[in-house]
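Input: a single structure, listed below in structure tokens.
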Amino acid sequence: MTGGGQALPPDPLPAPPPLADAGSGPAEPALGERPRVVSVLPDNPAVSRRFDYLVPERLDHQVRLGSLVRIDLSGRRLGGWVVADGVVPPPGVALRPLRGVTGFGPPVDVLELAEWAAWRWAGRPAHFLRTASPPGAVKGLPPPPTGRRPSGGNALAEEALAAGGGVVRLPPAGDLVGVARAAAARGPALVVAPSAELAGEVAGALRADGAVVALLPGGWARAAAGADVVVGARAAAWAPVPGLAATVVLDEHDEVHQEEAAPTWHARDVALERARRAGAPWVLTSPCPSLAGLAAGPQLAPSRAEERAGWPVVDVADRRREDPLRAGLYSPALVDLVRSAGPGRRVVCVLNRTGRVRLLACTVDGELARCEACGAAVAQDEGGELRCPRCGAARPAVCLVCGASRFKAVRLGVTRAREDLERLAGRPVALVTAAGGTEGDPAAPVLVGTEAVLHRVPGAAAVAFLDLDAELLAPRYRAAEEALALVARAARLVGPRNGGGRLLLQTRLPEHEVVVAALHADPSRVAEAEAPRRAALGFPPAAALAAVSGAAGEAFVEPLRGTLGLEVLGPLDGRWLVRAPGVTTLCDALAATPRPPGRLRVAVDPLRL
DNA sequence: CGGACAAGCTGA
DNA sequence: CAGCTTGTCCGG
């Protein structure tokens, strides 16, 4: 099967006992005096076993499946989750009593989901149960909801929900709240947003409708007590939602939905699996659906006119026409654009490179300036000397081939771009980087920065990508999707065309499907070009991949080499790639392979490759 | 994980 | 062979 089609639960491999009735089977019907015993999974990912404990009388009514409890384990006190109740402990073990109950924990369906996720992303259930647990102790729940269920909402979302599930292509200026509304109209809905900020906006809008909204992570108890809508960022995919009736993932293409650290779980896939288990319909929305998202179900697109209206005007500056030696990052169109900036008309320039200068080329023979000692590209330091970033050697700025002393920056960083733009625009230009700093006046009419600038600025009249080719040609298999996602983010920042929103794409690849897709407000062009490439190259969702690294990587990967249907590549840069035709084959194999001692990182579906 | 205990190394 | 390090196992 292909990746995004939701993975089946683990086959009965050497799988651990299912969480919800782990251990030793159900108790016989209370036949007199048998004491109550529960199985507890310790809150310590290094301990994957479950241990049985007696429930003291005084805690009896507080302990239920999922409860967060305190236990004694080999002399230490730990937290843990009750994962089975009424178990009959194996004979000959001296049981200890639970030390206490911390409070409410994940409901049974989430306990089972954690077990599935441990299989799906080669992790430990405890890791997921932490994410699924409330941020603080929850001793009691608020009264059940008395809200007004929202009605109406986005028509395409309603259509997708009625059909059991679908991917709604919602242009950048589209109404995300309307999608959440359509879901909540069907009953308790789970809405996973790409950021806490957006989650807050959705929560605010639905509260204004009169709905009872649990905004995660703070609203965990509200969610557990029942709510019309449970909404939050990534981790909300693990929130309790009694009576789950619909699941929504907003901006499913956004890579923030995936955890970077192993286990690399993806909120979209968690939400989809949850919907599947609950028999609830689902909606994924995106202005530019990912292939992984599209593999989950049918796509519902607005009319061409509607979709176009939701994107800004896009201009393409074809840098091929510019003199390759003299052409910098500043086409005439760009210069016009930055000169149009002013108070209330902010222009944002995106350049995904930090630093001042990356590569220098001799103005006479075009030779790149490289280190005499080690051959790395050298940069010009403040004093004008050429300094090697790799070995530290410095030398005067003289071409090694022709002796000329003038160099031209062929790849400019944002620091340099800020200075250049300030000169070209004749107005103050501020620099915004991911590191958090802003150089220059943050209220400046022109901002330049790496893609972080798109996250840090509240709005803009226009966004220019100074060098879109850096994204288009990035050596990552998802480069095209990522580039379009970046353009879509900029599109949301500037707003739709009827509000004057404008994007400028500077590129030497004007025929590239990402450029064409943006130009025509038709993201399907990227998906259509990309799908056959992924299939040909064996990349997700046409195949399932795991990246294995760490000192124990070799030992872990070795037994996988012989496994039927698996392909093990590497090591390359200390990393192995495990490829399988589908998620089930891959995850079954990973789950069946013992973990050798030592540092090991297994990233299933790695984002960056 | 962290403690318990067993199997190996060193110095006399 | 004591005294110590290193490794493996197990916990309720």
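Owing to the predicted nature of the structure, the values given are computational and were not obtained by experimental measurement. Numbered from 1 within each chain, the chains take letters A, B, ... in sequence-line order.
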Send over the distance from A:Leu73 CG to C:dC9 C1', rounded to a whole Å. 13 Å
How many whole angstroms separate atom CG of A:Asp72 from atom P of B:dG2? 16 Å
Would A:Arg268 and A:Ser290 count as having a side-chain donor-acceptor pair, cut-off 3.5 Å? yes
Nearest whole Å is fine: how far is C:dC10 P from A:Ile71 CD1? 18 Å
d(CG, A:Asn44; P, C:dG12) in whole Å: 14 Å
C:dG11 P sits how many Å from A:Arg99 CZ, rounded? 19 Å
Just verifying a value: how many Å separate A:Leu244 CG and A:Arg274 CZ, rounded to the nearest 0.5 Å? 6.0 Å
Between A:Trp265 and A:Trp238, what is the ring plane arrangement, given parallel below 30°, perpendicular above 60°, and tilted in between? perpendicular
Students often get this wrong, so: under 4.0 angstrom with heavy atoms, is A:Arg96 touching a base, only sugar-phosphate, or nothing? sugar-phosphate
Heavy-atom nearest pair, A:Val192 first then A:Ala267, reads CG1-CB, 4.0 Å
Using whole Å, what does the distance between atom C1' of nucleotide B:dC1 and atom CZ of A:Arg76 come to? 5 Å
How close or far is atom P of B:dG2 from atom CG of A:Asp43, stated in whole angstroms? 13 Å
Distance check needed: C:dC10 P versus A:Asp52 CG, whole Å only. 17 Å
